[in-house]
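Positions are given from 1 along the sequence.
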Amino acid sequence: MKYKSQKVAYWFFALCMLLFSLQIIYGFIMGFDRIGIQGLHEIIPFNVARAVHTNLLVVWLLTGFMGAAYYIIPEEAQRELISVKWAYVQLISLAIVGVVAIVGFHFNHWEGRKFLEIPRELDYLVVVNVLLFLFIILGTLFKGKRQTTTALVLTMGLFFAALLYIPGMIWFDSQVMDSFFRWWVVHLWVEGVWELIMGGILSFLLIKLTGVDREVIEKWLYVIVGLTFLSGVLGTGHHYYYIGVNKIWLIVGGIFSALEPLAFLAMALFAVNMYRKGEKSHPNKIALFWTIGSAIVSFVGAGLLGFAHTLPQTNLYTHGTLVTAMHAHYAFWGAYAMIVLAMISYALPNLTGRKRYESAQGMMAFWLSNIGILGMTVAFGVAGVAQVYMERKMKMDFMVVQHEISIHFVVLLICATMFTTGIGLFIFDFIKYGRPTDEALEIE
């Protein structure tokens, strides 16, 4: 690392790994529920497990993004963070939000709005937390020696992620209005501004790992930003098909949803081309695998699988089924989880001075987790197609269908075990690296 304040990133990554572990545990609780093993059902009902599972996903990814920003911005701005103390305060308050929300869910203390379940009082703490984070990041950039495109795109993504949290805090008596603006948060995060965050992190990693000139890499960022805003903003319309809004959204949502894969295709081509043009062979192959893998898997999961079921003619049948879960799991894994793990894999050797990336363990973590999540995606897809046919075409009862497709969740749990083994190896490696040290300054 080049700056002592970059050590803050380590503790965000540590919290990130803890929350990721909890998310996996709650995923297993739901998986066992699906096959009839419901020993915990009285303590942790399915709806509670689902709320915890999805909200932990959001929190651990945001924690990872923040950690990435605290590592990247000092290098890009060529100066220390303006306040390490307030960065730790922000980390502690973020952890408090997560803990209080999870505990509250178990006592039915939530808003009950899918993906935005955390209670209103915690919303205000989230706003304060993110404002403090942005103050540190923007202040560091403003006082920095340079402002790079990579840093600006990353910061723009983080800023708009904060701004787009606000529509989810507005109260509406109308279910249609509430659902309309709820997607301003959920969709415009994951298929809009989070893509900018991914693009910024991807650009930074490719500059470091491939040795390709910064000017060449950052030109691609303009293409990604343009495609993201072109398709992502109006692509929100595929959530509006059947909630009571004007039918124009069937046309708008259909057209721009079809364009959404272009941004992810651009990222995949971007990463592969930069790797091929690479002028140096960076020794951290694990970080390189996670980086290139993220771009390719995100195109398949977010781009192709998203396109496969968001056109109105298809979505009429697949909406709200396990086909959505198929798309969501592979999309989140490729686009956001893998880029966070790539950033951690790159940063840890530089923060600690220990080059553990030369071991086979890290590569096993990569392949086991990727093969496992691919198997889970296929299991969700097969179960989803069967569900669509039986439920939407044959008009079978919902619970009867769930019983009929439960066998697919046995396969899913087997694949999830492989995935968890891979993530377990990654976390074990994280722990073995140890804490960051000042002796690691200037190690690249």
Query raised in the report: Any luck finding a side-chain donor-acceptor pair between Tyr71 and Asn350 under 3.5 Å?
Result: yes

Report task. Calculate, to the nearest 0.5 Å, the distance between atoms OG and CD1 belonging to Ser5 and Ile73 respectively. Result -> 11.0 Å

Query - Atom pair CG (Leu164) and CZ (Phe181), whose distance is rounded to the nearest 0.5 Å - result: 12.0 Å

Query - Pairwise distance CD1(Ile136) to CE(Met66) - rounded to 0.5 angstrom - result: 10.0 Å

**Report entry** Trp183, Phe180, Phe115 screened by ring pair (Phe, Tyr, Trp, His ring centres under 6.0 Å) with His239, the one that passes
**Finding:** Trp183

Query raised in the report: Counting only N and O atoms by type, is there a donor-acceptor contact under 3.5 Å from the side chain of Thr314 to the main-chain atoms of Thr310?
Result: no

Query - CA sep, side-chain torsions, deciding dist, call: Trp189, Leu62, side chain to side chain contact (heavy atoms under 4.5 Å, CB included) - result: CA-CA 11 Å; Trp189 266 17; Leu62 282 175; 3.9 Å; yes

**Report entry** Aromatic ring proximity Phe12/Tyr70, centre distance under 6.0 Å
**Finding:** yes

Query - Between Asn370 and Trp333: side-chain donor-acceptor atoms closer than 3.5 Å - result: yes

Query raised in the report: Does the side chain of His109 pick up a donor-acceptor pair with the side chain of Glu121 at under 3.5 Å?
Result: yes

Query raised in the report: Quick one: does Arg113's side chain have a donor or acceptor within less than 3.5 Å of a partner on Gly168's backbone?
Result: yes

Requested in this report: Please tell me if the side chains of Glu80 and Pro74 come closer than 4.5 Å, counting only heavy atoms from C-beta onward.
Outcome: no

Report task. Answer yes or no: does atom CH2 of Trp249 have more than 12 heavy-atom neighbours from other residues, nucleotides or ligands under 6.0 Å? Result -> yes

Query raised in the report: Is the distance between the ring centroids of Trp194 and Phe65 under 6.0 Å?
Result: yes

Query - Tyr88 atom OH, neighbour heavy-atom count above 12 within 6.0 Å - result: yes

Query raised in the report: In chain order, what residues pass the side chain to side chain donor-acceptor pair (under 3.5 Å) check against Ser406, with sequence neighbours excluded?
Result: none

Query - Residue pairs fulfilling side-chain hydrogen bond (donor to acceptor under 3.5 Å, both in side chains) with at least one residue in residues 415-428, sequence neighbours excluded - result: none

Query raised in the report: Is there a donor-acceptor pair under 3.5 Å between the side chain of Glu117 and the backbone N or O of Phe105?
Result: no

Requested in this report: Side-chain contact test, heavy atoms from C-beta onward, threshold under 4.5 Å: evaluate it for Thr324 versus His319 and give yes or no.
Outcome: no

Query raised in the report: Should Leu205 and Leu288 count as side-chain neighbours, where that means a heavy-atom distance under 4.5 Å?
Result: no

Query raised in the report: Are side-chain N/O atoms of Asn315 and Tyr242 paired as donor and acceptor at under 3.5 Å?
Result: no

Query raised in the report: Between Arg146 and Glu75, is there a salt bridge with N-O shorter than 4.0 Å?
Result: no

Query raised in the report: Are the side chains of Leu269 and Phe299 in touch, meaning some heavy atoms are under 4.5 Å apart?
Result: no

**Report entry** Ring centre gap for His238 and His187 strictly below 6.0 Å
**Finding:** yes

Query - Min side-chain heavy-atom separation Ile118-Trp110 under 4.5 Å - result: no

Requested in this report: Could you verify whether a donor N or O on one side chain and an acceptor N or O on the other, from Glu260 and Ser231, lie under 3.5 Å apart?
Outcome: no

Requested in this report: For side chain to side chain contact (heavy atoms under 4.5 Å, CB included), just list the numbers for Ile405 and Met390, CA-CA rounded to whole Å, side-chain angles, deciding distance to a tenth of an Å, and then say yes or no.
Outcome: CA-CA 10 Å; Ile405 63 175; Met390 288 188 283; 3.6 Å; yes

Query raised in the report: With distance as the sole test, does Ser203 use its side chain to make a donor-acceptor pair with the main-chain N or O of Gly199 at under 3.5 Å?
Result: no

Report task. Please find out if less than 6.0 Å separates the ring center of His329 from that of Phe380. Result -> yes

Report task. Write out all pairs satisfying side-chain hydrogen bond (donor to acceptor under 3.5 Å, both in side chains) with one or both partners inside residues 390-403, taking only residues at least two apart or from two chains. Result -> Arg34-Gln402, Gln387-Glu391

Query - With Arg182 via side chain to side chain donor-acceptor pair (under 3.5 Å) - residues at least two apart - result: none

Requested in this report: Please check if atom CZ in Phe307 has more than 12 non-hydrogen atoms from other residues, nucleotides or ligands closer than 6.0 Å.
Outcome: no

Report summary line: CE of Met156 to CG of Leu196, rounded to nearest 0.5 Å, is 5.0 Å

Query raised in the report: Hey, does the side chain of Thr291 reach the backbone of Ala287 with a donor-acceptor pair shorter than 3.5 angstrom?
Result: yes

Query raised in the report: Are the side chain of Asp429 and the backbone of Leu425 linked by a donor-acceptor contact shorter than 3.5 Å?
Result: no

Report task. Work out which heavy atom in Ala9 is nearest to a heavy atom in Gly67; give both atom names and the distance. Result -> CB-O, 3.2 Å

Report task. Establish, yes or no, whether a centroid distance under 6.0 Å links the rings of Tyr10 and Phe430. Result -> yes

Requested in this report: State whether the side chain of Glu191 and the backbone N or O of Leu188 hold a donor-acceptor pair below 3.5 Å, judged by distance alone.
Outcome: no

Query raised in the report: For residues Asn129 and Ser93, is any side-chain donor paired with an opposing acceptor at under 3.5 Å?
Result: yes

**Report entry** Qualifying ring-ring contact (aromatic ring centres under 6.0 Å, His included) pairs with a residue from residues 21-49, counting only residues at least two apart or across chains
**Finding:** Tyr26-His106

Requested in this report: Mind checking side chain to side chain donor-acceptor pair (under 3.5 Å) for Tyr222 and listing every partner two or more places apart, or none if nothing turns up?
Outcome: Thr149

Query - side chain to side chain contact (heavy atoms under 4.5 Å, CB included) between Phe133 and Leu158, intermediate numbers included - result: CA-CA 9 Å; Phe133 168 72; Leu158 292 163; 3.7 Å; yes

Report summary line: Here the gap from Tyr433 atom OH to Ile344 atom CD1, rounded to the nearest 0.5 Å, amounts to 11.5 Å

Query raised in the report: When Phe426 is tested against each of Phe20, Trp290, Phe366 for side chain to side chain contact (heavy atoms under 4.5 Å, CB included), which residue passes?
Result: Trp290

Query - Test item: Val323 and Tyr317 side chains (from C-beta on) under 4.5 Å apart, heavy atoms - result: no

**Report entry** Between CZ on residue Phe204 and CG on residue Leu154, distance to nearest 0.5 Å
**Finding:** 10.0 Å

